[in-house]
Asker: 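Dropping the structure in here first, questions after.
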Amino acid sequence: MADQQISFAVITGASSGIGFELARCCAEAGADIVIASDTAEIFEAADRLKPTGVKVEAVQADLSTISGVDELYARVRQFGRQPDALIANAGRGLGQGFLDEDFSDIRRVIDTNITGTIYFLHKFGRDLVQRGDGRILITGSIAGVIPGAFQAVYNGSKAFLDSFAYALRNEIKESGVTVTVLMPGPTDTDFFETAGLTDTKLGTEKKADPAKVAKEGFEAMLRGDGHEVTGFANKMQVMMARFAPDSMLAEQHRKIAEPGSARH
Ligand SMILES: NC(=O)c1ccc[n+]([C@@H]2O[C@H](COP(=O)([O-])OP(=O)(O)OC[C@H]3O[C@@H](n4cnc5c(N)ncnc54)[C@H](OP(=O)(O)O)[C@@H]3O)[C@@H](O)[C@H]2O)c1
């Protein structure tokens, strides 16, 4: 399949990290962009992207809620053009043992990573498919293939997205719209601090550059690939996870994600 050119992209979770870099990839490819996130940091991100010369619109909305996604949809419609690329990247992690976490925090992970993401794709995806050509990129994770002891809800949410992406890809395969799932490994962003993972091995180990991760994901999206596992070590990890027993994978994850594991 030939690489698609894109002219107008919507990117969620673009105030920092991988999402910001994905927005930069779109802008540097000449696409106008609408970027969204939950905090006012999205406006600073927009200021940093404006020198690329494309139109940049920032929307502050809580995308873990139906009303937040509706607000984003309304703002994109004001552009007067339909997007030809949707990048569903907003997400958050959560460390600690499941029973030690506040349920409100657990709920926020599920509402952001799953409910908000699939509502975004449902709302915008119908228009894209009707349009008859375009690209969808979903930020999943290699966490989705590993039962994540001490990050159980997060890894479960990414297992949902990794699986959902391939199912949607298949359902709309005749539409001219492709679905790609980006599956990064540990990447150097605010994620670990937000998730409370700074005293874990996972939080303190060497991580990938978000710009490199985003570039690989963006290029895979343009090619219309099914998925992109970034980096050689992550590719090996995903391959091994397909054969290793789940109990072993959970035990390995415990060693890197258990609170205090950074000190052992
Ligand atoms: N870093 C990693 O190791 C890694 C590995 C695999 C996959 N991922 C995935 O990559 C994606 C981006 O994460 P990141 O690593 O780049 O971390 P990050 O820098 O913390 O970025 C997360 C982004 O999501 C936004 N967000 C979170 N909750 C939101 C909400 N309710 N409504 C709207 N926006 C919301 C944040 O915006 P605000 O701060 O403005 O709320 C921010 O822009 C996530 O889906 C994450 O699961 C990360």
Side-chain angles (χ1 to χ4, degrees), residues 10-24 34-46 48-49 58-72 75 87-95 104-105 107-120 137-146 148 151 153-162 165 181-198 200-214 216-217 227-231 233-234 237-238 256-257:
V10 181
I11 305 107
T12 72
S15 62
S16 60
I18 298 169
F20 175 80
E21 296 298 341
L22 283 166
R24 196 207 299 271
V34 174
I35 58 173
S37 91
D38 192 21
T39 66
E41 281 177 31
I42 199 66
F43 301 110
E44 287 164 36
R48 288 164 62 206
L49 290 163
V59 178
Q60 183 181 356
D62 180 356
L63 301 177
S64 70
T65 65
I66 297 296
S67 60
V69 176
D70 285 343
E71 154 89 16
L72 175 60
R75 292 286 298 279
I87 302 188
N89 166 82
R92 57 174 53 241
L94 184 62
S104 58
D105 292 336
R107 182 83 197 266
R108 190 150 177 80
V109 171
I110 294 170
D111 288 349
T112 307
N113 299 8
I114 300 182
T115 312
T117 299
I118 62 168
Y119 184 54
F120 168 76
L137 180 67
I138 301 172
T139 306
S141 174
I142 66 164
V145 301
I146 303 163
Q151 221 187 344
V153 173
Y154 174 74
N155 283 38
S157 75
K158 291 294 168 175
F160 179 99
L161 290 180
D162 292 350
V181 61
L182 171 60
M183 297 170 66
T187 306
D188 194 6
T189 69
D190 297 343
F191 175 90
F192 297 91
E193 193 160 342
T194 313
L197 288 163
T198 48
T200 64
K201 276 205 170 72
L202 198 55
T204 48
E205 72 184 2
K206 193 171 174 323
K207 298 181 183 60
D209 174 2
K212 194 163 179 290
V213 168
E216 286 180 37
H227 70 270
E228 180 68 25
V229 177
T230 55
N234 295 325
Q237 204 178 343
V238 167
I256 57 167

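Only a predicted model underlies this, so the values are computations on that prediction, with no experimental measurement involved. In each ligand, atom 1 is the first atom listed, and ligand 1 is the first ligand listed. The figures that follow rest on heavy atoms only: side chains count, while hydrogens, waters and symmetry mates do not.
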Asker: Around ligand 1, what residues show up once you keep those with a heavy atom under 4.0 Å from it?
Answerer: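 Residue list for ligand 1: G13, A14, S15, S16, G17, I18, S37, D38, T39, A61, D62, L63, S64, N89, A90, G91, R92, R108, T112, T139, G140, S141, Y154, K158, P184, G185, P186, T187, T189, D190, F191, F192.
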Asker: Applying side chain to side chain contact (heavy atoms under 4.5 Å, CB included), can you list everything that pairs with I118, at least two apart in sequence or on another chain?
Answerer: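 I118 satisfies side chain to side chain contact (heavy atoms under 4.5 Å, CB included) with F160, F164 only.
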Asker: So that I can tick it off, tell me whether R92 and D105 are bridged by a salt bridge, with the cut-off set at under 4.0 angstrom between side-chain N and carboxylate O.
Answerer: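 R92 and D105: not salt-bridged.
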Asker: Around atom CD of E205, are there more than 12 heavy atoms from other residues, nucleotides or ligands closer than 6.0 Å?
Answerer: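 Yes, because the 6.0 Å sphere around CD of E205 holds more than 12 heavy atoms from other groups.
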Asker: Does NZ belonging to K212 count more than 12 external heavy atoms closer than 6.0 Å?
Answerer: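 It does not: K212 NZ has 12 such atoms or fewer within range.
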Asker: Can you tell which of V181, L22, L161 makes a side chain to side chain contact (heavy atoms under 4.5 Å, CB included) with T139?
Answerer: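 The side chain to side chain contact (heavy atoms under 4.5 Å, CB included) with T139 is passed solely by L22 among V181, L22, L161.
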Asker: With K207 as the cation and F192 as the aromatic partner, state whether NZ or CZ is under 6.0 Å from the six-membered ring centre and within 45° of the axis.
Answerer: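 Positive - K207 is close enough to the ring of F192 and near enough to its axis.
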